[in-house]
Amino acid sequence: PRNGINISQYAFNATAAQCMKIIRLSTGYYKIVATNSGKLFTSTNKTEGGLITQWYDKENDPMQHWELIQNGNYYQFKNVSTDLYLNIFNDNLFQSKIPGNWNLYYYSKLPNNKSKTTGISGKIIVIDPGHGTIDTHLSGNYDPGAGDNGLNEAVTNTWFAFELGDKLKNAGATVIYTHTNVGNNNPPTLGLRERAYNASKENADIFISVHSNASTSSNANGAEIYYYDPDLSEDPFYTQRDPRIKDSMLLAQAIQPKMAAGGGYVNRGVKGADYAVIRETAMPAVLLEIGFITNPEDAAKINDPNNRTNVVNGIYDGIVEYFNNYLNN
């Protein structure tokens, strides 16, 4: 019932989880809605074998629209965005009654239940420099993030991300970046969910998404950090027992005061949110907002290499504290 859940086949068990509604649109296309979650079947990419998930209704998104095509006494569903058909993938098509998956390319169990150990050495840490790609969920447009005070977030995020990655690697961690381009420099096509799915594929220990904040008011300032907190009004079937929520909150609480103090930012605290990259990851995940790029004083701190190093040192110390002290909670 959570966002991005895989669609699988199972023996009939007479539950709402196996019931679908087919809704005809005025355009002649159809929506496939899961009764249990109320979410729509969505194709997440435009290549054969692309993942089919359940997702909120995105209104006119062709990735959620299907053609119902009669083939003799049967029917086929063709995705409007990809022109590809729903198909059952199974490792052994010649054996009967073996559950298969509908174009299943989700890479890990949920949640990631790796053994918890202290220290940085040997950990797999995925760092996501926020924005900076051609986002498949933004109609294929380049996503530059915020820009103000002579700075661009797609660039500044990489400053913090790469310096943090170097420090973690020097401590013995394996660091994987969701992307390594800087600004609009041959940016890859990478949607928000793909960043999370790829991190899950790597069986990472934690996921860190690096951002700078923005506001219509230049007075808004400070640093804050987010962990996934499900919006039960939109996702009522999601279980709050997911241990990733507690671990993500603990990771955020360890990093936030050190990150804010290191860079001399106002401490705006730890907050819950429903952002894709921290929702769809299979491991503890946080999203950092390192100052407001729209605030002149914060922007000057972001632009100062020495201050960036102080921020990175604070984030690193928070990660160390998490692994050493929080994992037994």
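Positions are given from 1, in the same order as the sequence printed here.
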In the structure I gave you, are the side-chain heavy atoms of Val270 and Glu224 within less than 4.5 Å of one another anywhere? no
Between Arg195 and Asp128 (salt bridge meaning N to carboxylate O under 4.0 Å), is one present in this structure? yes
Which atom pair, heavy atoms only, marks the closest approach of Met20 to Ala34? SD-CA, 3.7 Å
Would you say Thr178 and Val126 make side-chain contact, with heavy atoms under 4.5 Å? yes
Ile225 and Lys271: side chain to side chain contact (heavy atoms under 4.5 Å, CB included), yes or no, with the steps? CA-CA 6 Å; Ile225 189 168; Lys271 302 177 181 181; over 6 Å; no
Working to the nearest 0.5 angstrom, can you tell me the gap between Leu68 CG and Trp66 CH2? 12.0 Å
What pair of heavy atoms forms the shortest contact from Thr294 to Ser217, and how long is it? OG1-O, 4.3 Å
Pair Asp317-Lys258, salt bridge (Lys or Arg N to Asp or Glu O under 4.0 Å): steps then yes or no: CA-CA 7 Å; Asp317 290 344; Lys258 294 177 173 58; over 6 Å; no
Find out whether Asn307 and Val311 are in side-chain contact, i.e. whether some heavy atom of one side chain is under 4.5 Å from a heavy atom of the other. yes
Hydrophobic cluster membership, Ile125 vs Leu287, 4.5 Å side-chain cutoff: yes
Heavy-atom nearest pair, Ile293 first then Asp148, reads O-CB, 3.6 Å
When hydrophobic residues are tied together by side-chain contacts of less than 4.5 Å, even through go-betweens, does Val210 share a cluster with Phe162? yes
Under 3.5 Å: donor-acceptor pair, side chain of Glu194, backbone of Gly191: yes
Rounding to 0.5 Å, atoms CD1 (Ile278) and OH (Tyr275) come to a distance of 7.5 Å
Before giving the answer on side chain to side chain contact (heavy atoms under 4.5 Å, CB included), spell out for Thr53 and Lys39 the whole-Å C-alpha distance, their side-chain angles and the decisive distance to 0.1 Å. CA-CA 9 Å; Thr53 62; Lys39 297 188 175 66; over 6 Å; no
What are the two closest non-hydrogen atoms of Ile302 and Ser212, and how far apart are they? CD1-OG, 3.8 Å
Find out if a path of hydrophobic residues (ILVMFWY) with successive side-chain heavy-atom gaps under 4.5 Å connects Trp55 to Leu40. no
Would you say Leu288 and Ser209 make side-chain contact, with heavy atoms under 4.5 Å? no
Kindly compute the distance separating CZ (Phe160) from CZ (Arg308), expressed to the nearest 0.5 Å. 6.0 Å
Is it true that the side chains of Thr42 and Gln54 contain a donor and an acceptor less than 3.5 Å apart? no
Say whether, by atom type as modelled, one donor and one acceptor occur between the side chain of Gln64 and the main chain of Lys58 under 3.5 angstrom. yes
Main chain of Leu190, side chain of Thr133: is a donor-acceptor contact present, judged purely on distance under 3.5 Å? yes
First locate atom NZ of Lys78, then atom OG of Ser43, and finally report the distance between them rounded to the nearest 0.5 Å. 13.0 Å
For the residue pair Phe77 and Tyr85, is the inter-centroid distance of their aromatic rings smaller than 6.0 Å? no
Per side-chain contact (heavy atoms from CB on, under 4.5 Å), Trp159 is matched among Val182, Asn303, Val312, Leu164 by Asn303
So, Asn213 side chain and Ser215 main chain: donor-acceptor pair closer than 3.5 Å or not? no
Arg268/Glu289 salt bridge by N-O under 4.0 Å criterion: no
Rounded distance (nearest 0.5 Å) linking atom CD1 of Ile290 with atom CE of Met259: 6.0 Å
Side chain of Asn149, backbone of Leu151: donor and acceptor closer than 3.5 Å? no
Check: His179 side chain, Pro129 main-chain N or O, donor-acceptor pair, under 3.5 Å: yes
Is a side-chain N or O of Glu153 found less than 3.5 angstrom from the main chain of Ala146, in a donor-acceptor match? yes
How close do Ile120 and Ala173 get, counting heavy atoms only, and between which atoms? CG2-CB, 3.6 Å
Could you walk me through whether Ile127 and Val175 pass side chain to side chain contact (heavy atoms under 4.5 Å, CB included), step by step? CA-CA 7 Å; Ile127 300 178; Val175 173; 3.9 Å; yes
Is Glu67 reaching over with its side chain to a backbone N or O of Tyr30, donor-acceptor style, under 3.5 angstrom? no
Answer with yes or no whether the hydrophobic clustering places Val80 together with Ile69; edges join I, L, V, M, F, W, Y residues whose side-chain heavy atoms lie under 4.5 Å apart. no
Could you tell me whether the side chain of Thr35 reaches within less than 4.5 Å of the side chain of Lys21, counting heavy atoms only? yes
Could you tell me if the side chain of Ile124 sits less than 4.5 Å from the side chain of Ile176, heavy atoms only? yes
Lys123 to Phe323, cation-pi by 6.0 Å centre distance and 45° axis angle: yes
I'd like to know if Asp166 and Lys169 make a salt bridge, using a cut-off of under 4.0 Å between side-chain N and carboxylate O. yes
Hydrophobic cluster membership, Val155 vs Tyr177, 4.5 Å side-chain cutoff: yes
If you define the side chain from C-beta out and look only at heavy atoms, does anything of Tyr227 sit under 4.5 Å from Asp229? yes
Ignoring hydrogens and angles, tell me if any N or O in the side chain of Asn221 forms a donor-acceptor pair with the backbone of Val266 under 3.5 Å. no
Point-to-point distance, once rounded to the nearest 0.5 Å, from CG of Asp57 to NZ of Lys31: 3.5 Å
Distance to the ring centre below 6.0 angstrom and angle to the axis at most 45 degrees; does that hold for Lys301 and Tyr265? yes
To check you understand the geometry: which heavy-atom pair defines the closest contact between Tyr322 and Pro284, and what is its length? OH-CG, 3.5 Å
I want to check something: taking the side chain as every heavy atom from C-beta on, are Ile206 and Ile319 in contact at a cut-off of under 4.5 Å? yes
